[in-house]
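A short worksheet on the structure shown next.
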Amino acid sequence: MLQLIVNENYHALSKKAAQIVAKQVQEKPTAAIGFATGSTPLGLYRELIQMYQRKEVSFDRITTFNLDEYVGLTKKHSQSYYHFMWENFFSKVDIKEHQIHFPDGVYEDADAACEKYERQLEEAGGVDLQILGIGANGHIGFNEPADTFTMTTHIVELAEQTIEANSRFFADKSEVPRKAITMGIGSIMKAKSILLLASDESKAEAIRDIFTGIVDPQIPASILQLHPNVMVLVNAEAASLLQP
Ligand code: F6R
């Protein structure tokens, strides 16, 4: 079930998202939280850092799982998602390296790397709260539009649109990795609750398409309609194509 919450602006959306994440951690200090990278959750991470500084929340007992990582980039690479999370959130709160889980972007055996991440998710008892952004093409994690849903952690060829969108973080488009390792649709759907954030006009079509009632692997996020507990936090721009 998708619950839509329209916020006045990005700041309000980020504050609301932070309250939801903090509440989960306060209620279950050992919660497994699924994190997303990208521009959209940056405001959420800033709000959580402030809440931590005000001693309203502590993350020292949580377990973290990130959605995805570029293939070929090490943890230390300035554009790796590990580095992104460390710089923008983990290092600014009381999260230590041993609490962090990421799919390995550098591996010898792709299948083993994917299986390892699925095992880690299982051993943690699954994710309690999964934070998601959404691509303009409806992707979640790096599950790109396709003919079928891929259920478990897998290696994916990034869509041209995604490479284009993400090139803003690289010196040149040719430097954007062509592949990523991502949680699958099933791995995401196993989360007990999901918080999807969208704050940009470029996401309006994708947001409209996930409220149609039709589940279509060409719009990967449309699968969320089958999940029992999804909060969709948008601002007016991202909600602009939804019928009132
Ligand atoms: C990031 C991820 C992606 C992003 C999506 C939106 O870990 O999995 O699905 O959430 O591409 O990115 P932004 O927020 O930069 O528009």
Side-chain angles (χ1 to χ4, degrees), residues 7 10-11 13-14 17 21 33-47 64-71 73 75 77 79-90 100-105 117 121 127 129-146 149-150 153-170 176-189 191 194-207 209-210 217-224 230-235 237-239:
N7 299 269
Y10 179 66
H11 182 64
L13 178 154
S14 302
V21 176
I33 308 289
F35 286 95
T37 59
S39 305
T40 315
L42 281 174
L44 156 64
Y45 299 151
R46 277 194 293 269
E47 292 294 331
T64 83
F65 285 92
N66 262 81
L67 281 168
D68 40 23
E69 181 57 282
Y70 286 121
V71 166
L73 302 194
K75 287 181 179 180
H77 190 287
Q79 296 307 333
S80 75
Y81 282 168
Y82 189 99
H83 188 263
F84 176 99
M85 286 307 301
W86 186 254
E87 287 301 309
N88 289 299
F89 185 52
F90 295 155
I100 303 171
H101 297 84
F102 253 84
D104 284 335
Y117 204 52
L121 283 160
V127 167
L129 174 64
Q130 175 67 54
I131 299 159
L132 293 179
I134 184 168
N137 63 3
H139 74 210
I140 45 176
F142 273 136
N143 292 274
E144 299 284 21
F149 291 112
T150 305
T153 300
H154 60 287
I155 310 294
V156 66
E157 299 273 344
L158 297 182
E160 200 48 44
Q161 196 180 354
T162 304
I163 293 169
E164 186 66 51
N166 291 6
S167 64
R168 68 190 193 277
F169 298 112
F170 292 80
V176 184
R178 270 23 197 181
K179 286 185 186 176
I181 177 167
T182 181
M183 271 191 206
I185 290 292
S187 337
I188 293 172
M189 289 290 281
I194 296 179
L195 180 59
L196 174 78
L197 310 177
S199 65
D200 190 352
E201 209 183 332
S202 66
K203 310 293 174 65
E205 265 183 48
I207 290 297
D209 290 351
I210 66 169
Q218 292 295 343
I219 303 152
S222 64
I223 190 90
L224 297 174
V230 184
M231 286 159 285
V232 181
L233 263 59
V234 293
N235 64 356
E237 285 82 358

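Side chains included, hydrogens not; waters and symmetry mates left out as well; all remaining heavy atoms used. On a predicted model such as this, the values are computed, not experimentally measured, just so you know. Counting convention: from 1, in listed order, for ligands and their atoms alike.
Crowding of E87 atom CD: a count of heavy atoms from other residues, nucleotides or ligands under 6.0 Å exceeding 12.
Here CD of E237 is found 12.0 Å from NZ of K203. Values are rounded to the nearest 0.5 Å. One distance of note links OG1 of T37 with CG of N88; it measures 9.5 Å at 0.5 Å rounding. For the atom pair CZ (F35) and CZ (F102), the distance works out to 10.0 Å, reported to the nearest 0.5 Å.
For atom 14 (O) of ligand 1, the closest heavy atom belonging to the protein is T40 OG1, 2.4 Å. For atom 6 (C) of ligand 1, the nearest protein heavy atom (residue, atom name, distance) is I134 O, 3.4 Å. Nearest non-hydrogen protein atom to atom 2 (C) of ligand 1 is D68 OD2, 3.3 Å. Of all protein heavy atoms, the one closest to atom 10 (O) of ligand 1 is G133 CA, 3.3 Å. For atom 1 (C) of ligand 1, the closest non-hydrogen atom on the protein side is T37 OG1, 3.1 Å. With respect to atom 16 (O) of ligand 1, the closest heavy atom belonging to the protein is K203 NZ, 2.7 Å.
Heavy-atom proximity to atom 15 (O) of ligand 1, evaluated over A36, A180, G141, S39, is greatest for S39.
With a 4.5 Å cut-off on side-chain heavy atoms, I100 and W86 count as touching.
Taking the six-membered ring where the residue is Trp, Y81 and F84 present perpendicular rings, their angle passing 60° and hence far from 30°.
Minimum heavy-atom separation, A206 to G135: CB-O, 3.7 Å.
No option in I134, L44, V234, L132 other than L44 meets the side chain to side chain contact (heavy atoms under 4.5 Å, CB included) test with L197.
Heavy-atom distances between R168 and ligand 1 reach below 4.0 Å in at least one pair.
For ligand 1 and L67, the ligand atoms under 4.0 Å from any heavy atom of the residue are 8 (O). Distances below 4.0 Å separate heavy atoms of G38 from the following atoms of ligand 1: 14 (O), 15 (O).
Annotation: H139 places an N or O atom under 3.5 Å from an N or O atom of ligand 1; distance criterion only.
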